[in-house]
Amino acid sequence: MVVLNGILLFTIFTFVSSRSIFFNDPVFGQPEQIHLSYGRDPSLMIVTWVTLNEVNDSVVEYGQDDIFNQRATGSVSIFQDSGTEQRREYIHRVVLQDLEPGQRYFYHCGSDEYGWSPLFWFTAMRNDSNFVARMAVYGDMGKDNAQSMGRLQEETQLGHFDLILHVGDMAYDMNLDNARYGDEYMNAIESIAAYIPYMTCPGNHEYAYNFSQYAAKFSMPSSMNTYGGDANHFYSFNVGSAHIIGFSTEFYYYVEYGFEQIINQYQWLEQDLIEANKPENRARQPWIITMGHKPMYCSNNNDDECLKTDGYIFIRTGLPFIQAYGLETLFAQYGVDLELWAHEHSYERLWPVYNMTVSSFNN
Ligand SMILES: *[C@@H]1O[C@H](CO)[C@@H](O)[C@H](O)[C@H]1NC(C)=O
Ligand SMILES: *[C@@H]1O[C@H](CO)[C@@H](O)[C@H](O)[C@H]1NC(C)=O
Ligand SMILES: *[C@@H]1O[C@H](CO)[C@@H](O)[C@H](O)[C@H]1NC(C)=O
Ligand SMILES: *[C@@H]1O[C@H](CO)[C@@H](O)[C@H](O)[C@H]1NC(C)=O
Ligand SMILES: [Fe+2]
């Protein structure tokens with residue numbers, strides 16, 4: 001019997017180890033890190049997920065009462081991590097079209113051959129400007145010590161929010177352990193982000209390897225009419241009576257990745273604000289809201305670093321010496337109503353302020 005057991009164990013061991021020679025990961029082709037993002041109009045929803053092995057099929061089956069009577073296919077792209085293991089992940093993106101505004105849809109994603117995700121649901125964006133969108137807004141979450149995660153997951157599934165705005169700093173940091181921190185974070189938010197759109201902007205903790213994992217894994221509606229274009233650094237969308245703009249404050253600090261990105265983004269921001277201020281657009285979306293990671297103002301006990309030249313004043317006032325591409329004047333000029341920021345790990349609300357001076361409300 002002992003010998004038999006030995007042979008049996010040996011055989012199982014051989015089987016297991018030969019599997020791991022041929023396949024990099026124990027899970028073959030199973031969808032994970034599933035999340036939603038809003039498209040450029042209410043008839044669209046983008047489903048993004050990851051497989052850790054090569055899977056070429058990207059399919060979403062969805063529907064209302066007849067839960068899988070519709071089927072949409074998308075495309076796969078490769079995320080190549082720059083860590084020592086040079087891990088690869090397969091990013092699947094599917095755009096769901098012709099959704100009925102305000103309707104609930106069930107869906108799963110994957111493929112017949114390699115397996116399907118659990119069943120999720122979402123509500124297509126309502127398309128009237130009376131729609132008051134309920135957003136949970138936060139930054140600086142982290143993979144570990146994510147103290148609000150449980151409540152966000154619970155409240156999302158109870159239907160308390162229509163969307164999330166995550167104002168930068170995700171996993172602390174996505175690139176660590178050969179990008180596995182990013183995987184773990186994206187899996188943790190799945191029980192939020194597979195149900196409601198998870199709209200993001202980059203923070204300093206996404207900076208590694210030129211923000212490559214952040215760029216690969218999210219699918220924000222870019223100016224190029226693609227999803228995940230402009231590396232998810234800057235984009236805008238409308239929801240209810242709000243025009244929401246996500247942008248990168250990090251271009252001002254990680255200039256080694258390309259100084260021209262500050263200029264490109266500035267020009268895009270100005271164009272987007274001009275467009276949003278066209279009378280017919282501003283009538284439908286009177287509220288213009290921005291989100292960027294590092295704030296223009298802060299007064300917590302963190303040395304007021306956002307006001308200092310060795311801190312991050314340049315986002316507000318412009319680059320040193322040339323005094324250009326500062327965002328405070330731009331945002332004031334085009335009537336931005338609300339600016340959302342993160343990074344300081346504290347909660348603050350400010351009076352309307354411009355150039356270090358508190359003013360009264362416009363309009
Ligand atoms: C949303 O409403 C606008 C204005 O009424 C309309 O032009 C557009 O077609 C609607 N979109 C959808 C998806 O219903
Ligand atoms: C995926 O497509 C590529 C390129 O066409 C092909 O080389 C590869 O074998 C395919 N992989 C699978 C798992 O089907
Ligand atoms: C960093 O990424 C951006 C956006 O994808 C790209 O435009 C830029 O050229 C990259 N910079 C470097 C140094 O690779
Ligand atoms: C900000 O205020 C200072 C004086 O306090 C003034 O010199 C400067 O021109 C103002 N800048 C802007 C952009 O209004
Ligand atoms: Fe930060």
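We count ligands from 1, going down the list as the structure has it; atoms in each ligand are counted the same way. The first residue of the sequence shown is numbered 1, and numbering continues consecutively from there.
Residue contacts with ligand 3: Tyr257 is placed with a nitrogen or oxygen under 3.5 Å of a nitrogen or oxygen of the ligand (distance criterion only). Considering backbone and side-chain N/O atoms, Asn127 comes within less than 3.5 Å of an N/O atom of ligand 1. In terms of N/O distances under 3.5 Å, ligand 3 is not approached by Glu260.
Counting the atoms of ligand 1 from 1 in the order shown, those under 4.0 Å from a heavy atom of Ser43 are 13 (C). Residue-ligand proximity, Asn210 to ligand 3, at heavy-atom distances under 4.0 Å covers atoms 1 (C), 2 (O), 3 (C), 8 (C), 10 (C), 11 (N), 12 (C), 14 (O). Remark: ligand 3 atoms within the under-4.0 Å shell around heavy atoms of Ala231 are 4 (C), 5 (O).
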Can you produce the list of protein nitrogen or oxygen atoms under 3.5 Å from a nitrogen or oxygen of ligand 4, alongside each distance?
unit_1: ligand 4; atom_1: 2 (O); unit_2: Asn355; atom_2: ND2; d: 2.3
unit_1: ligand 4; atom_1: 11 (N); unit_2: Asn355; atom_2: ND2; d: 2.8
unit_1: ligand 4; atom_1: 14 (O); unit_2: Asn355; atom_2: ND2; d: 3.2

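Looking at Arg88 and Glu54, no side-chain N of the basic residue comes within less than 4.0 Å of a carboxylate O on the acidic one, giving no salt bridge. A salt bridge links Lys217 with Asp183: the closest approach of a Lys/Arg side-chain nitrogen to an acidic carboxylate oxygen falls below 4.0 angstrom. Here Asp162 pairs with Arg134 in a salt bridge; the nearest charged N to carboxylate O distance falls below 4.0 Å. At a threshold of 4.0 Å, the pair Asp337-Arg282 counts as salt-bridged, since one of the basic side-chain nitrogens sits closer than that to a carboxylate oxygen. With respect to Arg180 and Glu85, a salt bridge is recorded, a charged nitrogen being found less than 4.0 Å from a carboxylate O.
In this view, Tyr227 satisfies the ring-ring contact (aromatic ring centres under 6.0 Å, His included) rule with no residue, not counting sequence neighbours. With sequence neighbours excluded, the residues satisfying side-chain hydrogen bond (donor to acceptor under 3.5 Å, both in side chains) with Asn145 are Gln147. Residues passing the side-chain hydrogen bond (donor to acceptor under 3.5 Å, both in side chains) test with Asp128 are Arg126, sequence neighbours excluded.
With a 4.0 Å heavy-atom cut-off, ligand 3 is reached by no atom of His233.
Residue contact annotation: Arg284 has a non-hydrogen atom under 4.0 Å from ligand 1.
The aromatic ring centroids of Phe218 and Tyr214 lie less than 6.0 Å from each other.
Atom CG of Asn69 is surrounded by more than 12 heavy atoms from other residues, nucleotides or ligands within 6.0 Å.
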